[in-house]
Every structure is written in structure tokens, then in C-alpha cells.
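To keep things clear, I will list the structure first and then write my remarks on it.
Small disclaimer: the values here were computed from a predicted structure and weren't measured. Numbers here are sequence positions counted from 1. All ligand and atom numbering here is 1-based and tracks the order in the structure. Heavy-atom basis, side chains included; hydrogens, waters and symmetry copies ignored.
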Amino acid sequence: MRDTRGPSGRVSEITVVLCQLFGPGASCRPLGTGNARPGPLRPGTLLGVNGEPHAGETKVVLSGIQPTGAVHLGNYLGALRWWVDFQDRYDAFYCVVDLHALTVPGDPAELSQATFNMATLLMAAGLDPGRCTLFVQSHVHEHAELAWLLECTATMGELSRMTQFKDKSGKDGEESARLGLFAYPVLMAADILLYQADLVPVGDDQRQHLELTRDLAQRWNSRYGTTFKVPDAAIPPPGGGARIMDLQDPVHKMSKSAASGAGLISLFDDPKLIERKVKRAVTDLDPPGPGAVRWDPEAKPGVSNLLELLAALRGGRPAEIAAGYESYGRLKSDATDAVLEMVVPLQERYRALARDPAAIRSVLAQGAARAGEVAAKTMGAARSALGLLPR
Ligand code: TYM
């Protein structure tokens, strides 16, 4: 059983999945209990924590993705496709978090190109600058500035409990880990709080960081007066792609930092390579036959992961999809087709967009201008709440 305790050691409050937010492919209740699909929502509909619509207000959504490492199927299913979906319903801010990439060693010569490529990829995945604000984190200096103020609100204790710091600093030891890696979740909190975000669409691995963000906002608001909105995480429910697993090691999530690339499907992989990777996906040791293809993430993590992929890409619930298969071979070939149906057109759009870098630069400049206006407003309120002398 995974530990869902948050940084404060208590059970996370944000295990509340905002069911109504997730449409095709996502099941809201525990699997097997039936699930009414939400109806279409008007753009700008404000949803309460239980998903009930209110009239007249527009909720704010913010999320981010790191530019470095291979952008993979987990990123797409757990986050990016929801970003695209949410841009029509909310005032959506999405950023390429290049400052976060500095927390681990990297080549400066590659960072700016990777940042640019990620922005292009996000547009190829369906982000439309006419319907959302797309920008680069370091173009809005308030992110780093608010992070410092929040670092003076966060404690060493709560940051020490962050599992991602333990995982990422693990190999070389904490002694040589960068201070920025330790403080990383505070920068992420700044990203979110600057925009007074109501909702943060992320995969399941960001749950603990979201709880920290909520804790920091609440602590600040009670210490210095209400300055920040306390955001909710919008994490897809089981079957919705919140935690896509490594194809070779299906008890661990698909991750940019995996030891081998064989378990990761990059959105830039050649279709033939994708086919090979899915064909070679680990599907446990049971012999095939009746009942071998079933949704059972504990006992059959490899098969369940392929079912999750299919459910997330084509809709439906993994347990029900399983009933249509007797052999691993057909499951794998359908999973391959489902991935290619998404990836091939995305790669074509990417190539088309990449032909006009000036257009991407202009989108990012406009995005930074709009994001900067909102960020400056919150930053002003934060400075004055702390009693910093106005210039
Ligand atoms: P990053 O860049 O590692 O991942 C981007 C998004 O992809 C999701 N994700 C997954 N979802 C399902 N299955 C997987 N195997 C999988 N792997 C990754 C992540 O949950 C994430 O939503 N700290 C963040 C970036 C960030 C951010 C923010 C996010 C910085 N500031 C503010 C939201 C709001 C990160 O490293 O994501």
C-alpha cells in the first residue's frame, strides 16, 4: 500500500478526487461500482470541491512541466491531456518550469532548446494560446521571488519528508544534493500560489507537493492575513492515467530518470520503437488463458498497466476492458494501436509547429506578459502582507 501521508505526516486532504472534472476515460468511484459520466460544462464554469457547478465565476488552473528529460506517455496521460481539456473550462496558466530543471546537473547549452521544444510539444498536444496562457517560468521573475518568501514560511522538517527529494538525492547522497533540490517543492508552491489557482492538474506523484502547497498557503494566510487561495489538486482517478507505470518495471512509475529507456514511451519515439516497447512490456509470469488478462494492479501490475493505458487513451474502465481479452498478444497490439493513434498525429503537429520558431517565441512572449501581470499583483499583496517596505 502506498503511503499517502502528506508532509505534515497526516493523511493527505487532497485524496479527494475532483470527480466531476475528469471526463472521457476516467472513472471517479472505486472501480466496479459504476460511474456516471459528467455532462459537458460551459467554459468558465466554477466547480465546487464536490464538482457541483456554480454560475458566473471562472476558476483558475495552473500547472507546469519540466523541460528536460524525455517527455513520456505518463506525462501525457496523467497531466497534459487534462491541461488541454481544462483550457476550455477555466482560466488556465501552463508553464515550462525551467528553474526546476536547475535542481539537478544539466548542460546549459541544452536547457534553452529543451525549454523551447517543450513549449512546442505542449502546443502540438493541443494547448492553444488563444484559450490558455502558456509561458516559461523564468520569464516571470516573481516565481523565484515568492519562492524565497515561502521558504521563510516552510520548515526544514516538512521539506525533509518529501519523498521526491529522498528519491532524487538517493544515488549520490544528500550531502552533495543541491539546496535547490531540497527547496524545489517551495518553488512549485510559488508557481501555484502566484496565480491564485483553484485547481492544479497533476499526476499522482505530485500529491505530496500539492499538500505542502496547501499547508504553506494556510499557514501564511493565518499568520499574515489572507493572501493566497488554497488550491485543490486535480488528480485523475484510478483508470484515468494518474500513475502510468514503467513497461519493464511496472511496480515503479514511468519516469524520465528510469535506468533504461525500454520501459518508457517517449512522445518523440519512432512508431516502430513504440511497437517494440509495448510488445516487450513485462506482463507477469502467469500463463495466458481465461482470467489471465484482468485488472489487478497488485498481482498483475504489467497487465493492469496496459489496461490502464488503453482505458486512458480510448475511454472505458480498465476492469471492463479486461473482459474483452484472453491473450496478452491482442492486449499488447491494441495498446500499441491506441498509443500510435495519439502519438503519430501529435508528432506531425510538432513538426509543423517547429517550422515556425518565431511564432512559438511570440506565443511565449505574450504568455509571459499576461502571466507577469497576474503574478505582479499577487507579489504586491505578499510583500505588503509581510511588511516589506514599499519602494
Ligand atoms: P514533471 O515534469 O515530472 O511531470 C509533469 C506532469 O506529468 C505527471 N507525471 C505522470 N503522470 C502519470 N504517470 C506518470 N508516470 C507520470 N510521470 C509524471 C506529473 O505528475 C506532472 O503533473 N514538479 C512538477 C512540475 C511543476 C508543477 C508546478 C506542476 C513545477 N511547478 C506547479 C504543477 C504545478 C514536475 O516535476 O512534473
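With Arg243 contributing its side chain and Lys253 its backbone, the two residues share no donor-acceptor pair below 3.5 Å.
Contact check on Asp270 versus Lys272 returns no salt bridge, with no Lys/Arg side-chain nitrogen under 4.0 Å from an Asp/Glu carboxylate oxygen. For Arg370 and Asp91, the salt-bridge test passes: some basic side-chain N is under 4.0 Å from an acidic carboxylate O. Residues Glu275 and Arg280 are not paired through a salt bridge, judged by the lack of any N-O separation under 4.0 Å between the basic side chain and the carboxylate. A salt bridge is defined here as a Lys NZ or Arg NE, NH1 or NH2 lying under 4.0 Å from an Asp or Glu carboxylate O, and Arg89 with Asp85 meets this definition. A salt bridge is absent between Glu174 and Lys166; no separation between the charged side-chain nitrogens and carboxylate oxygens falls under 4.0 Å.
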Could you go through ligand 1 and list every pair where one of its N or O atoms sits under 3.5 Å from a protein N or O, giving the atom names and the distance to one decimal?
from	atom 1	to	atom 2	distance (Å)
ligand 1	2 (O)	Gln66	N	2.9
ligand 1	4 (O)	Asn75	ND2	3.3
ligand 1	7 (O)	Asn75	ND2	3.0
ligand 1	11 (N)	Gly74	O	3.0
ligand 1	13 (N)	Ile244	N	2.9
ligand 1	15 (N)	Ile244	O	2.8
ligand 1	15 (N)	Met254	O	2.9
ligand 1	20 (O)	Gly203	N	2.9
ligand 1	20 (O)	Asp205	OD1	2.4
ligand 1	22 (O)	Gly203	N	3.2
ligand 1	23 (N)	Tyr184	OH	2.6
ligand 1	23 (N)	Gln206	OE1	3.1
ligand 1	31 (N)	Asp191	OD2	2.6
ligand 1	36 (O)	Gln66	NE2	3.0
ligand 1	36 (O)	Tyr184	OH	2.6

